[in-house]
Amino acid sequence: MDLVRNKYHYSKINIVAHSMGNLEVASYIKLNAGKKNFPQIDHLVAMAGHYDGIIGMNDKRHQLKIDKKTGKPSIMRPEYRNLLSLRKIFPKNTKVLNIYGNLEDGTNSDGDVSNASAQSLKYLINGRAKSYRQLMIRGKGGQHSKLYNNAQVNRALVNFLWK
């Protein structure tokens with residue numbers, strides 16, 4: 001990140017992440033948020049983030065429940081517990097948009113990530129982010145891999161990042 005910053009001379013960034021990229025971003029923030037050269041993250045868009053499990057790997061359909069007010073998950077898997085320090089260090093000047101899909105086929109998921117796993121991001125940043133908003137994409141366009149090539153998502157991204 002320092003090499004890119006030195007070449008292009010920026011101090012603020014926007015981040016858009018999909019799927020595993022969300023965990024990479026969360027780890028980057030966790031490891032670097034307190035450092036002097038850490039850039040200001042103006043906007044963070046998280047799409048299809050499997051913060052607390054992936055269906056078929058370490059999550060089962062309808063297993064995880066989320067407290068609607070706090071975002072706290074009923075189960076905290078080891079990978080999720082590893083991110084709990086974000087509750088104390090997540091940048092307070094960052095606006096967050098959490099986009100996830102619901103196929104509306106009874107699974108409450110995008111086919112790979114349960115809505116609850118994606119929604120568990122709220123607990124990690126609750127009270128820290130400048131703003132937090134969730135957007136559920138319903139139907140076939142809410143499928144995990146279709147989220148990043150979806151007209152509704154694209155409009156939401158443009159409105160969130162640039163308006």
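What you see below is based on every heavy atom in this structure, not just the backbone, and it leaves out hydrogens, waters and symmetry mates.
No single ILVMFWY cluster, assembled from side-chain heavy atoms under 4.5 Å apart, contains both Ile15 and Val153. Both Leu83 and Ile89 are assigned to one and the same hydrophobic cluster, defined by single-linkage of ILVMFWY side chains at heavy-atom distances under 4.5 Å. Under a hydrophobic-cluster definition in which Ile, Leu, Val, Met, Phe, Trp and Tyr are linked whenever side-chain heavy atoms come within less than 4.5 Å, directly or via other members, Tyr51 and Leu84 are assigned to the same cluster. Leu135 and Val113 end up in different hydrophobic clusters when Ile, Leu, Val, Met, Phe, Trp and Tyr side chains are linked at under 4.5 Å.
Taking NZ of Lys30 as the reference point, atom NZ of Lys88 lies at 12.5 Å (rounded to 0.5 Å). We find the CG-CD distance between Asp67 and Gln119 to be 11.0 Å, quoted to the nearest 0.5 Å. For the atom pair Ile54 CD1 and Asp112 CG, the distance stands at 7.5 Å (nearest 0.5 Å). Once rounded to the nearest 0.5 Å, the distance linking CG of Leu161 with CG of Asp42 reads 9.5 Å. The CD1 atom of Ile66 sits 7.0 Å away from atom CG of Asp52, with the distance rounded to the nearest 0.5 Å.
The backbone N or O of Leu124 lies less than 3.5 Å from no partner atom in the side chain of Arg87, so there is not a single donor-acceptor pair. In this structure, Ser109 contributes its side chain and Ser114 its backbone to no donor-acceptor pair below 3.5 Å. Between the side chain of Tyr80 and the main chain of Ser120, a donor-acceptor pair closer than 3.5 Å is present. Judged by distance alone, with hydrogens and angles left aside, the side-chain atoms of Lys95 form no donor-acceptor pair with the main-chain N or O of Phe160 at under 3.5 Å. Of the possible donor and acceptor atoms, none in the side chain of Arg77 sits under 3.5 Å from a partner among the backbone N and O of Gly53. Of the possible donor and acceptor atoms, one in the side chain of Lys122 sits under 3.5 Å from a partner among the backbone N and O of Lys68. Between the side chain of Gln143 and the main chain of Ser145, a donor-acceptor pair closer than 3.5 Å is present.
Using a 4.5 Å heavy-atom cutoff, the side chains of Ser19 and His144 are in contact. For the pair Leu97 and Leu44, the minimum side-chain heavy-atom distance is 4.5 Å or more. Two residues are said to be in side-chain contact when any heavy atoms from C-beta on lie closer than 4.5 Å; Ile137 and Leu147 meet this criterion. Taking 4.5 Å as the limit, some side-chain heavy atom of Tyr132 sits within range of a side-chain heavy atom of Asn98. When side chains are defined from C-beta on, Arg128 does not count as touching Leu86, because their heavy atoms never get closer than 4.5 Å. Taking 4.5 Å as the limit, some side-chain heavy atom of Met47 sits within range of a side-chain heavy atom of Val16. Residues Met20 and His50 meet the side-chain proximity criterion, which asks for heavy atoms closer than 4.5 Å. Side-chain contact between Thr94 and Lys130 is absent, with no heavy-atom pair separated by less than 4.5 Å.
Of the N and O atoms on the side chains of Lys72 and Asn126, not one donor lies less than 3.5 Å from an acceptor on the other residue.
Applying the salt bridge (Lys or Arg N to Asp or Glu O under 4.0 Å) criterion to Glu24, with sequence neighbours excluded, gives no partner residue.
Scanning both residues, Gly101 and Asn115, for their nearest heavy atoms gives O-ND2, 2.7 Å. Pairing each heavy atom of Gly111 with each of Leu103, the nearest pair is N-CD1, 3.7 Å.
The only member of Asn14, Val25, Ile13 that meets side-chain contact (heavy atoms from CB on, under 4.5 Å) when paired with Ile41 is Ile13.
Under the side chain to side chain donor-acceptor pair (under 3.5 Å) criterion, the residue pairs touching residues 149-163 are Asn159-Lys163, with sequence neighbours excluded. Residue pairs meeting the ring pair (Phe, Tyr, Trp, His ring centres under 6.0 Å) criterion with at least one partner in residues 81-127, sequence neighbours excluded, are absent.
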